[in-house]
Number of protein chains: 2
Amino acid sequence: MSARTRSLTHAHPTEVSLQDALDAVGDPVRRAILRELAGTPDWTRACGTFDLPVTKATRSHHFAVLRAAGLVEQRDEGARRLNRLRRPEFDRRFPGLLALVLAEPG
Amino acid sequence: MSARTRSLTHAHPTEVSLQDALDAVGDPVRRAILRELAGTPDWTRACGTFDLPVTKATRSHHFAVLRAAGLVEQRDEGARRLNRLRRPEFDRRFPGLLALVLAEPG
DNA sequence: TACATTGTTCGATGAACATCGACCATATCA
DNA sequence: TGATATGGTCGATGTTCATCGAACAATGTA
């Protein structure tokens with residue numbers, strides 16, 4: 001594991017409050033990230049490959065929020081940062097919540 | 001039905017967006033209202049009987065948000081405004097969401 | 001009628017947060 | 001080595017929204 005990857009602050013869903021989870025999924029850009037992430041296999045999408053109407057600074061902020069909420073796991077692959085949706089863990093902690101997000105139309 | 005009751009703007013959960021639902025349950029005061037409401041039978045709690053750390057102006061605002069999100073139904077009984085949690089309707093529209101709120105500690 | 005209770009509306013205020021541009025760090029490639 | 005690509009950090013900005021006090025309306029009660 002690289003030093004960059006090691007420095008990432010992740011939270012496991014079990015240690016996330018309902019408030020933080022709701023705040024995380026309360027933003028439409030973050031929900032778009034989650035839906036796009038759910039449509040492809042784990043560890044295949046870098047942060048920059050998402051189709052989002054915001055600059056990379058904002059994008060980076062949103063990924064940090066998703067990490068802190070236990071929704072996304074990240075790992076560095078060279079210069080790119082790959083993502084994984086923590087679906088089973090998050091589902092166990094907040095049953096039904098992620099399904100609502102993924103079922104939301106576009 | 002009184003004129004005051006008639007003038008209340010309710011939304012059925014089916015016509016509520018996920019965004020509005022998440023915004024509604026995203027506030028801790030509103031979640032406290034929902035939990036307190038779930039603990040007593042329908043139409044037995046007036047707005048003023050809830051134990052909340054806000055003034056009545058703020059309280060009134062929160063009830064309006066909950067009405068617009070399809071979470072609470074209201075009816076006037078004299079000078080008091082009684083409430084009902086729209087649990088089955090809301091559950092059908094957003095499965096699992098209300099359960100997360102009601103399961104939240106204190 | 002006068003008073004108390006219940007709740008809404010209005011305007012103002014303060015805080016939280018999404019957003020941006022600019023700059024920096026690291027990794028890959030020519 | 002220099003150039004490009006990917007992504008994070010920082011400070012500033014603007015908007016949204018929860019909150020409040022004050023004024024108002026409607027109901028119930030003495």
Side-chain angles (χ1 to χ4, degrees), chain A residues 1-10 17 19-34 36-37 43-69 71-84, chain B residues 1-10 17 19-34 36-37 43-69 71-84:
Chain A
M1 192 191 284
S2 73
R4 276 183 72 225
T5 297
R6 208 161 30 236
S7 74
L8 288 174
T9 58
H10 282 100
S17 69
Q19 182 70 68
D20 287 346
L22 291 175
D23 287 344
V25 301
D27 185 274
V29 174
R30 287 195 285 267
R31 289 200 301 279
I33 292 176
L34 295 174
E36 217 170 319
L37 204 47
W43 309 120
T44 59
R45 298 294 300 271
C47 296
T49 67
F50 290 77
D51 184 30
L52 302 172
V54 292
T55 67
K56 59 176 184 164
T58 304
R59 190 180 306 240
S60 179
H61 162 65
H62 284 311
F63 274 99
V65 172
L66 292 175
R67 269 203 324 267
L71 274 160
V72 164
E73 191 179 2
Q74 294 186 315
R75 174 220 296 174
D76 285 332
E77 193 83 13
R80 300 205 311 279
R81 182 157 285 181
L82 301 182
N83 297 277
R84 176 181 85 87
Chain B
M1 195 192 282
S2 74
R4 275 182 72 224
T5 296
R6 207 162 32 237
S7 74
L8 287 174
T9 57
H10 282 100
S17 68
Q19 182 70 67
D20 287 346
L22 291 175
D23 287 344
V25 301
D27 185 273
V29 174
R30 288 195 284 268
R31 289 200 302 277
I33 293 176
L34 295 174
E36 217 170 320
L37 204 47
W43 308 120
T44 59
R45 299 293 301 270
C47 296
T49 68
F50 290 77
D51 184 30
L52 302 172
V54 292
T55 67
K56 60 177 183 167
T58 304
R59 190 180 306 242
S60 180
H61 162 66
H62 284 311
F63 274 100
V65 173
L66 291 174
R67 270 204 322 269
L71 274 159
V72 163
E73 191 179 3
Q74 294 186 315
R75 174 219 296 172
D76 286 332
E77 193 81 15
R80 300 204 311 281
R81 183 157 286 182
L82 301 182
N83 297 276
R84 176 182 85 86

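Here is how names work: the chains are called A, B, and so on, in the same order as the sequence lines, proteins then strands, and each is numbered from 1.
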From the set dT8(C), dT27(D), dG7(D), return the single nucleotide nearest to any side-chain atom of Ala79(B). dT27(D)
Closest listed nucleotide, where the reference is the side chain of Thr58(A) and the choices are dT19(D), dT19(C), dT9(D): dT19(C)
Measure the shortest side-chain to side-chain distance between His62(A) and Leu52(A) over non-hydrogen atoms and say whether it is less than 4.5 angstrom. no
Find the distance Arg4(B):CZ to dT8(C):P and express it as a whole number of Å. 7 Å
With heavy-atom distances below 4.5 Å as the criterion, would you say the side chains of Arg31(A) and Gln19(B) are in contact? yes
Rounded off to whole Å, could you give me the CZ-to-P distance for the Arg81(B) and dA25(D) pair? 16 Å
Counting side-chain heavy atoms from C-beta on, which of dT9(D), dG8(D), dT19(C) comes nearest to Ala57(A)? dT9(D)
Whole angstrom is fine here: how far is it from NE2 in His62(A) over to C1' in dG7(D)? 15 Å
Report the distance from atom CZ of Arg80(B) to atom C1' of dA4(C), rounded to the nearest whole Å. 14 Å
Under 4.0 angstrom, heavy atoms only, what part of the nucleic acid is Ala64(B) near: base, sugar-phosphate, or nothing? nothing
Would you check if Leu71(A) and Val25(A) make a side-chain contact, meaning some heavy-atom pair closer than 4.5 Å? yes
Rounded to whole Å, CZ of Arg59(A) lies from C1' of dC17(C) at a distance of 19 Å
To the nearest 0.5 Å, how far apart are CZ in Arg59(B) and CZ in Phe50(B)? 9.0 Å
Distance check: side-chain N/O of Thr55(B) vs OP1/OP2 of dT19(D), anything under 4.0 Å? no
Got a donor-acceptor contact below 3.5 angstrom from the Asn83(B) side chain to the Arg45(B) backbone? yes
From CG of Leu8(A) across to C1' of dT6(D) the rounded distance in Å is 14 Å
side-chain N/O Ser60(B) vs dT8(C) OP1/OP2, d < 4.0 Å: yes
Length of the line joining Asp76(B):CG and dT6(C):C1', which is rounded to integer Å: 10 Å
Between dT19(C) (C1') and Ile33(A) (CD1): distance, integer Å: 14 Å
Residue whose closest nucleotide on DNA chain C lies nearer the 5' end, Arg30(A) versus Asn83(B): Asn83(B)
Specify the residue among Lys56(B) and His61(B) whose closest nucleotide of DNA chain D lies further upstream toward the 5′ end. His61(B)
